[in-house]
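Below is one structure; the comments refer to it alone.
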There are 2 protein chains.
Amino acid sequence: MTDIRSSIIDVAKKAGVSIATVSRVLNESDKVKPETREIVLAVINEMKYAPSPAARGLIMRKTEAIGLLLPDLHGEFFSEIIRGADATIQHQGYHLIVSSSHNDPKEIEAALRFMRGRVDGLVVMSPQVESELLLDTLPKSLPVVLLNCHINNPHFDTIVTDGFGGARDMVSYLFSLGHTRIAVVKGGENNIESQERLRGYRSAFATHGVPLNKAYEFDGDFTEASGFEAAREILELEERPSAIFTFNDSMAIGAIGAIRDAGLRIPNDISVCGFDDIPVAKYLSPSLTSVHVPIHELGAMAISRVFDRLHKRTKGDAAHIFVPTTLSIRNSCKKLNGKSTQEKEMIILR
Amino acid sequence: MTDIRSSIIDVAKKAGVSIATVSRVLNESDKVKPETREIVLAVINEMKYAPSPAARGLIMRKTEAIGLLLPDLHGEFFSEIIRGADATIQHQGYHLIVSSSHNDPKEIEAALRFMRGRVDGLVVMSPQVESELLLDTLPKSLPVVLLNCHINNPHFDTIVTDGFGGARDMVSYLFSLGHTRIAVVKGGENNIESQERLRGYRSAFATHGVPLNKAYEFDGDFTEASGFEAAREILELEERPSAIFTFNDSMAIGAIGAIRDAGLRIPNDISVCGFDDIPVAKYLSPSLTSVHVPIHELGAMAISRVFDRLHKRTKGDAAHIFVPTTLSIRNSCKKLNGKSTQEKEMIILR
DNA sequence: AATCGTCATGTAAACGTTTACATTTTAGCT
DNA sequence: AGCTAAAATGTAAACGTTTACATGACGATT
């Protein structure tokens, strides 16, 4: 058990050198005699001394931490982002600080305030965040990468996944299977990602000349429970849809539970597909068809981008990376009568 | 966009007061005239000044952060721990710093070193951690709560879930359904939680006088993929077990995928049960029977404990909390012929 | 012996904030 | 107006580290 009160002054005294020499030893300067180094290291070990991050941070102006601000921490989607970020940060001399804003503007601000001064770079994934808040709260010199924030500001590097295209393609795929009555479970009024996906859903209807049915649009909040509830309502419709498309896999999983409880079979009685393609999707019964988002890679990409800025590998104008989505076709969607297999393959290869 | 270089000195100069007055305004001292306060706050807002956490930490010796060190970050189990911790820390004037040790001793040490000086309290969930490392690395004054670490040291508060009892009861429940050929997917050689659960599994066999079959013990690593692989091997056994018990739900989900791919039905052809009762378990088809661990509450409890120490609400001897597990009986386990329903109810109500 | 250059080490200031104690200002009373 | 006490504000030191520049020691050369 070490005592927080031992400082570099105590170590220097005990080793019989100056505090500068102790600092040099700690920071691996070559301006120290090997014999002196040995002595100092022995004292450091004996006293179990560790430098104060606050003092170091104050003088060096770096914290050796990278912040990751997420809208929520629930489930595999976010744990995959974190894992990608974490894997990328490994062995880079930095640590990851994860925080959640609970999708609340006040809490976004509080989290940003906390991060400021505590991180050397920041990844923000928050559909609700506005560039003004970021500009007001964060120092100009802090590398910031926005992930699915839909902010177009020349100051920030952004990475955005193609929610519109993914949803459009999934609905097109369902059309190719013969489905025209397709219910959708959305992700919330203020959620820009949900809005993009809804736009894709509607776009596919327009493109294929299939009439839209507003009664097939249901509210959810990206949780399993909200997907369960929405599916229960969907199953009670007079004219039941032949497929349910949820805007994330967690809601698809909840919908699967409701369908199971209603004694219906997937995909025989009703097809289900989701968005994100979280790792669990492939193990479900049946395996879930989902818009594939390279989640782990998103986290990795964002952190890489921060490092590029931090290590001056990238300067100048902000980069805007658009990450395409693909379809992971599995077994949760049934082909209805009347469509050919060729159409299915055409969509996948797009 | 704020400039990192504006300091309390700049604010004081612009407001025409001393730095102590600015500090008093920032820290809501009542020793400031309202008129003076207004002036200073206006300047602070205009300059978008925020205090340096490093400087504050250096003088106040607190960071306003609580650390949570997990063995891994994958999936709903850990995201539920984080969520419980996060919910408990809300509005307490602290933020959560999450880190992962990847179950590697070197990385445990690195993470502890990073946390030291950056957190005011710490929750450690790491089966592999040893008390000597904690004692060597962390200051005596830092509140530390160990979660499922199986360390018995008078210095640390501990919270331990009943892995032994949960596994024993699950196996007993399977016996009550008539299963005697029960395969188990373990969680890794060095994992103490897996060892406790294995001990419970074996204990139930001994208690019920059912012969143990070492060929039914399979290695996994708590991931879906390892559960998938283990189940594939299990399904190829000459004398196939009638039930698979995995030491966490992620492996159960993987096993479900392998069973599905083999064209078998759960529970008609083979029963499956897991451990932890992560949120997704109840939505699976069929819903998964699992040893219920109050995951979210664990995270909450651990943080509460840290706060108790931090706010001096608890002093003296370390507390050791033992958290019982219960069974969440759902639909993934079939009753074989020959056992009564009364035995089933008796086990649940224990 | 004196001088010069290199290496190793030490001294002092800086970083940005908080706060104990000193000083000034203000309000109320005589 | 003068005095007193309380309120408000200011000064200076502290916190623990890093590092620019100063200093001292040593070896080589003339």
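FYI, side chains are in, hydrogens and waters are out, and symmetry mates aren't considered; it's all heavy atoms of this structure. Here is the naming used below: chain letters follow the sequence lines, and residue numbers restart at 1 for every chain. Remember, predicted model here, so these are calculated numbers, not experimental data.
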If you look at every heavy atom in [X] and [Y], which pair is closest and at what distance?
X      : Y      : answer
B/S100 : B/E107 : O-OE1, 4.4 Å
A/F114 : B/A65  : CZ-CB, 3.8 Å
B/D72  : B/F78  : O-CG, 3.3 Å

Item to complete: Determine the contact category for B/S23: base if any of its heavy atoms lies under 4.0 Å from a base atom, sugar-phosphate if only primed atoms, P, OP1 or OP2 are that close, otherwise nothing.
Response: base
Remember a base hit wins even if backbone is also touched, and classify A/A12 as base, sugar-phosphate or nothing at under 4.0 Å, heavy atoms. nothing
[X] has an atom [atom1]; how far is it from atom [atom2] of [N], in whole Å?
X     : N      : atom1 : atom2 : answer
A/E28 : D/dT18 : CD    : P     : 12 Å
A/K13 : C/dG10 : NZ    : P     : 14 Å
A/M47 : D/dG16 : CE    : P     : 12 Å
B/D10 : C/dC15 : CG    : C1'   : 13 Å
B/I9  : D/dA12 : CD1   : P     : 14 Å
A/I59 : C/dA14 : CD1   : P     : 10 Å
A/L26 : D/dT18 : CG    : C1'   : 11 Å
B/M60 : D/dC15 : CE    : P     : 16 Å

query: Quick one: does B/S101's side chain have a donor or acceptor within less than 3.5 Å of a partner on B/D104's backbone?
result: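 No, B/S101 side chain to B/D104 backbone: no donor-acceptor pair under 3.5 Å.
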Is it true that the side chains of [X] and [Y] contain a donor and an acceptor less than 3.5 Å apart?
X      : Y      : result
B/T63  : B/D120 : yes
B/D221 : B/T223 : yes
A/H296 : A/E80  : no
B/S79  : A/H74  : no

Notebook entry, point to check: When you check the phosphate oxygens OP1 and OP2 of D/dT18, does a side-chain N or O of A/R61 lie under 4.0 Å from one of them?
Noted result: no
Rounded to 10°, the angle between the first-five-pair and last-five-pair axes of the helix from C/dA1-D/dT30 to C/dT30-D/dA1 is 60°
### Message
Counting the benzene-type ring for Trp, do A/F222 and A/F77 have ring centres under 6.0 Å apart?
### Response
no
Result for 5'-nearest mapping on DNA chain D, choosing between A/V22 and B/A55, is B/A55
Show each protein N/O and nucleotides 6-10 of chain D N/O combination with a separation under 3.5 Å, one pair to a line.
unit_1, atom_1, unit_2, atom_2, d
D/dT9, OP1, B/T36, OG1, 2.3
D/dT9, OP2, B/K33, N, 2.9
D/dG10, OP2, B/S18, N, 2.7
D/dG10, OP2, B/S18, OG, 2.8
D/dG10, OP2, B/T21, OG1, 2.7
D/dG10, N7, B/R24, NH1, 3.4
D/dG10, O6, B/R24, NH2, 2.5

Could you check which of D/dT18, C/dT17, D/dG16 has an atom nearest any side-chain atom of B/L58?
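Between D/dT18, C/dT17, D/dG16, the one nearest the side chain of B/L58 would be D/dG16.
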